[in-house]
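Order of the sequence lines fixes the chain letters, A, B, ..., with proteins taken first and strands second; residue numbering starts at 1 for each chain. Reckoned from all heavy atoms, side chains included, excluding hydrogens, waters and symmetry mates.
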There are 2 protein chains.
Amino acid sequence: MKINPVNILKEHDLKHTKQRVRVLEEIAMDDTAISQPELEKKFGNEIDRVTLYRILNVYEEKGILHRVLDRNGTANYAICSPSCTAEVHHDEHVHFNCTICQKIYCLNIVVPSVKMPEGYLANSINSTAYGICKSCNK
Amino acid sequence: MKINPVNILKEHDLKHTKQRVRVLEEIAMDDTAISQPELEKKFGNEIDRVTLYRILNVYEEKGILHRVLDRNGTANYAICSPSCTAEVHHDEHVHFNCTICQKIYCLNIVVPSVKMPEGYLANSINSTAYGICKSCNK
DNA sequence: TTAAGTGCAAAATCTTTGCAAATGT
DNA sequence: ACATTTGCAAAGATTTTGCACTTAA
């Protein structure tokens, strides 16, 4: 997925600071969702922990990143598809959470639709498979 | 869902203490999954916060409760179906997380199976729909 | 220039750990 | 009586808040 951090920031009326660009680059670089603790480690004292929190929050609100929780409730982030907006996130693909390496993959599979019971109004469905990923399965 | 806390504890070789029985009763009482913070509130100083953590952990490990994370990563607990064991959890039904009241419902709908890509081995799939529940939809 | 973003310190939460006292078998 | 479980205190981790300093437009 090729992205241009500066453009993305402009499109969302965000100032492009060194830190914001770095965060986007780092997340775009990885084909899997990356966890917040991992990001903290990567940035060390290049980016303050608090700043990272704030950047990730803004990105999620604006629909630039989407957040996927792994089994432990840890936040993982991946770049949203271009059709995501602040209002609606279209990350309706199946996720795969490896129980060995903990990585979360965004699979190229659309979440199967499910008929809700009378009275329940679903506007999104999250689907995450747990198991062993390609890299760990050797 | 009718349950007998004392029996459940016996079946899993757990001492039946006042606190453990209360936790099971409370969770069984509710038709929705109940969040840990809510449980803490309900028990006040009847059960220590730390004890609650430990009880919930044991119950999950033993396959007595299953844990569902809501959108914020907060743990919610519901009684497992009788076929759950410490080894395998069979909570393969769709969950519904209301974005208004935050409640998590265990729907009586089986999670649709998804064909994994080459090399990926899934052994369970979690499926959670987000939207407005029957009670809030009025 | 000035509104927004960052870093640091510190508060507020949440979760885990250690240990003495209480409890169930 | 003995192994487990509980409650309290305290450590550790995570997340939020406030505010002075810095930076992008």
Engineer: 5'-most contact on DNA chain C: B/P37 or A/I55, nearest heavy atom basis?
Structural biologist: A/I55

Engineer: Please name all residues satisfying side chain to side chain contact (heavy atoms under 4.5 Å, CB included) with B/A129, sequence neighbours left out, ordered by chain then number.
Structural biologist: A/M116, A/A122, A/I125, B/F96

Engineer: Rounded to whole angstroms, how far apart are CG on B/L9 and C1' on D/dT4?
Structural biologist: 13 Å

Engineer: Tell me the interatomic distance from B/Y53, atom OH, to D/dC8, atom P, rounded to whole angstroms.
Structural biologist: 17 Å

Engineer: Using modelled atom types only, decide if a donor and an acceptor are shared between the side chain of A/N45 and the backbone of A/F43 within a distance under 3.5 Å.
Structural biologist: no

Engineer: One thing to verify: whether B/K41 and B/E38 come together as a salt bridge, which I'm taking to mean a side-chain N less than 4.0 angstrom from a carboxylate O.
Structural biologist: no

Engineer: So, using salt bridge (Lys or Arg N to Asp or Glu O under 4.0 Å) as the criterion, who are the partners of B/K42 when residues are at least two apart?
Structural biologist: B/E26

Engineer: Figure out the CD1/P separation between B/I47 and C/dA22, and round it to whole Å.
Structural biologist: 19 Å

Engineer: For A/E40, enumerate each residue passing the salt bridge (Lys or Arg N to Asp or Glu O under 4.0 Å) test, keeping only those at least two apart in sequence or located in another chain.
Structural biologist: A/R49

Engineer: Rounded off to whole Å, could you give me the NZ-to-P distance for the B/K62 and D/dT4 pair?
Structural biologist: 11 Å

Engineer: Heavy atoms only, 4.0 Å cut-off, all strands: where does A/E40 land among base, sugar-phosphate and nothing?
Structural biologist: nothing

Engineer: Measure CG/B/N57 against C1'/D/dT6 and give the value in whole Å, please.
Structural biologist: 15 Å

Engineer: Take atom CG of A/L24 and atom P of C/dG5, then tell me their distance rounded to the nearest Å.
Structural biologist: 14 Å

Engineer: Any idea which of D/dG7, C/dG7, D/dT14 is nearest the B/D48 side chain?
Structural biologist: D/dG7

Engineer: OP1 or OP2 of C/dT15 less than 4.0 angstrom from a side-chain nitrogen or oxygen of B/R49, does that happen here?
Structural biologist: no

Engineer: Report which part of the nucleic acid B/Q36 touches: base, sugar-phosphate, or nothing (heavy-atom distance under 4.0 Å, all strands).
Structural biologist: nothing

Engineer: With sequence neighbours left out, what residues match B/T32 under side chain to side chain contact (heavy atoms under 4.5 Å, CB included)?
Structural biologist: B/D30, B/K103, B/Y105

Engineer: Taking only residues two or more places apart in sequence, or in another chain, which ones meet A/Q36 in a side chain to side chain donor-acceptor pair (under 3.5 Å)?
Structural biologist: none

Engineer: Rounded to whole Å, how long is the line connecting atom NE2 of A/H12 with atom C1' of C/dA4?
Structural biologist: 18 Å

Engineer: Could you tell me whether the phosphate oxygens of C/dT23, OP1 or OP2, come under 4.0 Å of any side-chain nitrogen or oxygen in B/Q19?
Structural biologist: no

Engineer: Assign a letter to each nucleotide of nucleotides 18-25 of chain D from its 5' end: B, base within under 4.0 Å of a protein heavy atom; S, sugar-phosphate only; -, no contact.
Structural biologist: B-----BS

Engineer: Could you state the atom-to-atom distance from CG of A/N45 to P of C/dC8 in whole Å?
Structural biologist: 8 Å

